[in-house]
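This report concerns only the one structure given below.
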Amino acid sequence: MIKFSIRNNSKKCVNCYKGDRHAIKFIYCDQFMVMSFAQFTDRSGLKDIETTFNLDSADL
């Protein structure tokens, strides 16, 4: 559901302001998914997010 919302609503803004112009692999959609995950799971920093992804990578 989140991916559907991102693709339809925010793609216009990203294209208008060229938000992905410097992105190589980590585009706006991926960043939004990670930040949403961090907010939903109450993560406090990048190291905490990275540790969680590394521990649960098989489940994601």
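Scanning all heavy atoms of the two residues, the minimum distance from Ile49 to Arg43 falls at CG1-CB, 3.8 Å.
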> So Thr41 and Thr52, side-chain contact (heavy atoms from CB on, under 4.5 Å) or not? Walk me through it.
Replying inline: CA-CA 10 Å; Thr41 58; Thr52 304; 5.7 Å; no

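Surrounding OH of Tyr17 are at most 12 heavy atoms belonging to other residues, nucleotides or ligands under 6.0 Å away.
To the nearest 0.5 angstrom, Ile27 atom CD1 is 15.5 Å from His22 atom NE2.
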